[in-house]
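Below you'll find the structure, written out as structure tokens, and then a few comments.
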Amino acid sequence: MANYLFYISLAFIWIMLLYHMFLAQGGYRHFKTFEKVIPKWEQKMNEMDLPTVNVFIPAHNEEVVIKQTLTAMSRLYYPKDKLEVILIADNCSDRTKEIGEEFAAQFPFIRVVETVGEYKGRGKSSALNFALKESKGEIIVVYDADNTPERKAVWNLVMGLVNDEGAAAVVGKFRVINAASTWLTKFINIETITFQWLAQAGRYFWFKIATIPGTNFAIRRSILDQLNGWDTSALTEDTELTIRIYNLGYYIRFFPAAVTWEQEPETFKVWWRQRTRWARGNQYVVLKFLKNLLRLNSRKMMFDLFYFFFTYFIFFFGVILSNAIFVVNLFHELDLQIGSVALVLWGMATLLFLTEIMIALSIEKNQLTAGNIFYTLLMYFTYSQMWILLVINALFLELKRIIRKEESVWYKTERFSVNKKEEKTV
């Protein structure tokens, strides 16, 4: 019995590893080709009547970071008569709103709105829906309150949309601004680079699928109107919105020329709570759409939903099963017949994991360093194992919420003071 279970767990793990290797190749090929269209797209932007743009920044007690964010917004490269940056002060009890108003007094294209009534204090989705109601721009761009987009980030996002009629939204790239702060942010920096060049670029290259990441993306207002805005029940409103966009018959373009820098958790506690929300949110999305899988119009989304289901349920089950058999076998002889072959497969799996990450790091300038290679080696045995415990905890909480029929509670990520080094990064 133990042998069969061990074979099953290995099969699940290897399916995921090989699929990610396939995505890594797609990500690298996307990196080599995505800039070729830019000269032609730039020419159209310079000749056309540019669309009006609203930049939404949902903010709940963001005093620590909002000055840096609004400073970046004040420097955006886009005609100011076509641009309106809206800081959405959502149930703030600190100086977020006051800081925003200081910028609004200095820059006429920056405005501060404050959520009221049914929109107030109900999380990011609700704040975004409020801003949608309060604005008229043809294109909506969203940034988290800890983001510092590069000067041409919004320009590049809009450029992607006006040159690609089939795209409902364009997603840019985000980088970690505090990557050097702690051991945790060093892991996260490697994780985010890998995610973007495998899961985003790789999926877009092979299947024309990308996922809205919650920040640094542009979407047509007409699409949001058709979808009635954001789902306020979803903890990962970005993933949920992604599936509904594909179901309308559109796709989402991954365009890494649009770059923003964002702050990541520097402590384990903040990381645990943020990632648990993400995991629960993705589990919610999988369960929400999986029960209506055959009714979806988009076959691409059927495939992608199955990928999410495999990631959050089957793959993690395989990893947990494999680890459990390994631990039990230390104390009780299970008579595993796979013997030394298991060691070879384990070694090859580790090597494949490292190779995938190295490919992603090699794409980003100055990231394939000795330090990052060292942290990548540690990741397999530390950071990756932390994710296993986190997903188990998230699944337990989500099942408890469903059984008790509770409302989802949105956790706002705690921010950290911006230091001089981070300010100079952008």
Side-chain angles (χ1 to χ4, degrees), residues 26-57 69-86 107-110 135-143 147-175 177 193 196-197 200-206 208-213 215-224 245 250-262 363-367 425-426:
Y28 187 77
R29 294 170 73 170
H30 185 61
F31 161 69
K32 298 294 286 183
T33 56
F34 81 93
E35 290 181 335
K36 291 182 178 177
V37 298
I38 291 179
K40 183 180 174 184
W41 285 8
E42 286 274 9
Q43 184 179 351
K44 184 175 179 179
M45 287 285 279
N46 291 325
E47 294 173 352
M48 70 181 296
D49 182 23
L50 292 173
T52 54
V53 175
N54 283 128
V55 176
F56 291 171
I57 309 171
T69 303
L70 291 175
T71 299
M73 297 296 162
S74 71
R75 297 170 181 163
L76 288 176
Y77 177 84
Y78 201 82
K80 298 304 181 289
D81 61 329
K82 300 278 187 177
L83 176 70
E84 185 182 46
V85 177
I86 299 179
F107 302 98
F109 60 93
I110 295 179
S135 62
K136 295 180 179 177
E138 298 165 83
I139 292 177
I140 306 298
V141 178
V142 177
Y143 284 103
N147 271 223
T148 47
E150 293 187 356
R151 192 163 174 262
K152 292 193 75 172
V154 169
W155 172 271
N156 286 333
L157 289 172
V158 175
M159 186 168 71
L161 271 185
V162 301
N163 282 279
D164 188 349
E165 294 182 358
V170 171
V171 171
K173 182 177 71 177
F174 64 92
R175 294 293 313 281
I177 196 169
I193 291 172
Q196 287 176 99
W197 288 112
Q200 293 285 60
R203 282 158 71 229
Y204 184 76
F205 182 84
W206 292 119
K208 231 173 184 177
I209 295 176
T211 302
I212 291 175
T215 187
N216 197 31
F217 72 92
I219 183 170
R220 303 178 197 277
R221 174 180 289 272
S222 58
I223 299 294
L224 286 172
I245 286 173
Y250 296 92
Y251 56 84
I252 298 167
R253 174 179 284 274
F254 178 63
F255 191 47
V259 182
T260 190
W261 295 77
E262 73 174 19
I363 294 174
E364 284 292 343
K365 188 178 179 183
N366 300 327
Q367 290 300 310
T425 300
V426 181

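- Atoms CD and CZ, on E84 and F56 in that order, are 8.5 Å from each other to the nearest 0.5 Å.
- Side-chain contact between I212 and V142 is absent, with no heavy atoms from C-beta onward closer than 4.5 Å.
- N216 contributes no side-chain N or O that, together with a main-chain N or O of P149, makes up a donor-acceptor pair within less than 3.5 Å.
- Between F255 and the options W41, F217, F31, a ring-ring contact (aromatic ring centres under 6.0 Å, His included) holds for only W41.
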TODO: Show your working on side chain to side chain contact (heavy atoms under 4.5 Å, CB included) between L83 and V55 and close with a plain yes or no.
DONE: CA-CA 8 Å; L83 176 70; V55 176; 3.8 Å; yes

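- Residues meeting the side chain to side chain contact (heavy atoms under 4.5 Å, CB included) test with T52, sequence neighbours left out: K82, E138.
- Distance check: Y250 OH to E165 CD gives 10.0 Å after rounding to the nearest 0.5 Å.
- No side-chain donor-acceptor contact under 3.5 Å links N54 to the backbone of I140.
- At least one donor-acceptor pair under 3.5 Å links the side chain of R221 to the backbone N or O of G137.
- Under the rule for a ring-ring contact (aromatic ring centres under 6.0 Å, His included), the partners of F34 that lie at least two apart in sequence or sit in another chain are H30.
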Show me, pair by pair, the donor-acceptor contacts under 3.5 angstrom made by side chains of residues 156-164, not counting sequence neighbours?
residue : atom : partner : partner atom : Å
N156    : ND2  : K152    : O            : 3.3
N156    : ND2  : A257    : O            : 3.1
N163    : ND2  : M159    : O            : 2.9
D164    : OD1  : G166    : N            : 3.3
D164    : OD1  : Y251    : OH           : 2.4
D164    : OD2  : Y251    : OH           : 3.0
D164    : OD2  : R253    : NE           : 2.9
D164    : OD2  : R253    : NH2          : 3.0

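- Without hydrogens or angle criteria, K40 side chain to I38 main chain gives no donor-acceptor distance under 3.5 Å.
- When all heavy atoms are compared, the tightest approach of P256 to W197 is CG-CH2, 3.7 Å.
- Not a single donor-acceptor pair under 3.5 Å links the side chain of R29 to the backbone N or O of W206.
- Expressed to the nearest 0.5 Å, how far CE of M73 lies from OG1 of T148 amounts to 8.5 Å.
- Across every non-hydrogen atom of W155 and M45, the tightest pair is CZ2-CB, 3.6 Å.
- The shortest non-hydrogen separation linking F254 to A210 is CB-CB, 4.1 Å.
- The only member of Q196, E364, E262 that meets side chain to side chain donor-acceptor pair (under 3.5 Å) when paired with R175 is E364.
- Environment of CZ in F205: crowded, with over 12 heavy atoms of neighbouring residues, nucleotides or ligands closer than 6.0 Å.
- Here the closest non-hydrogen pair linking I110 and L70 is CD1-O, 4.4 Å.
- For the residue pair I245 and I219, the shortest heavy atom distance occurs at CD1-CD1, 3.7 Å.
- Enclosure of atom CZ in F107 by more than 12 non-hydrogen atoms of other residues, nucleotides or ligands within 6.0 angstrom is indicated.
- T215 approaches Y143 most closely through the heavy-atom pair OG1-CA, 3.4 Å.
- Using modelled atom types, one side-chain atom of K80 and one backbone atom of L76 make a donor-acceptor pair closer than 3.5 Å.
- The backbone N or O of N147 lies less than 3.5 Å from a partner atom in the side chain of T69, making a donor-acceptor pair.
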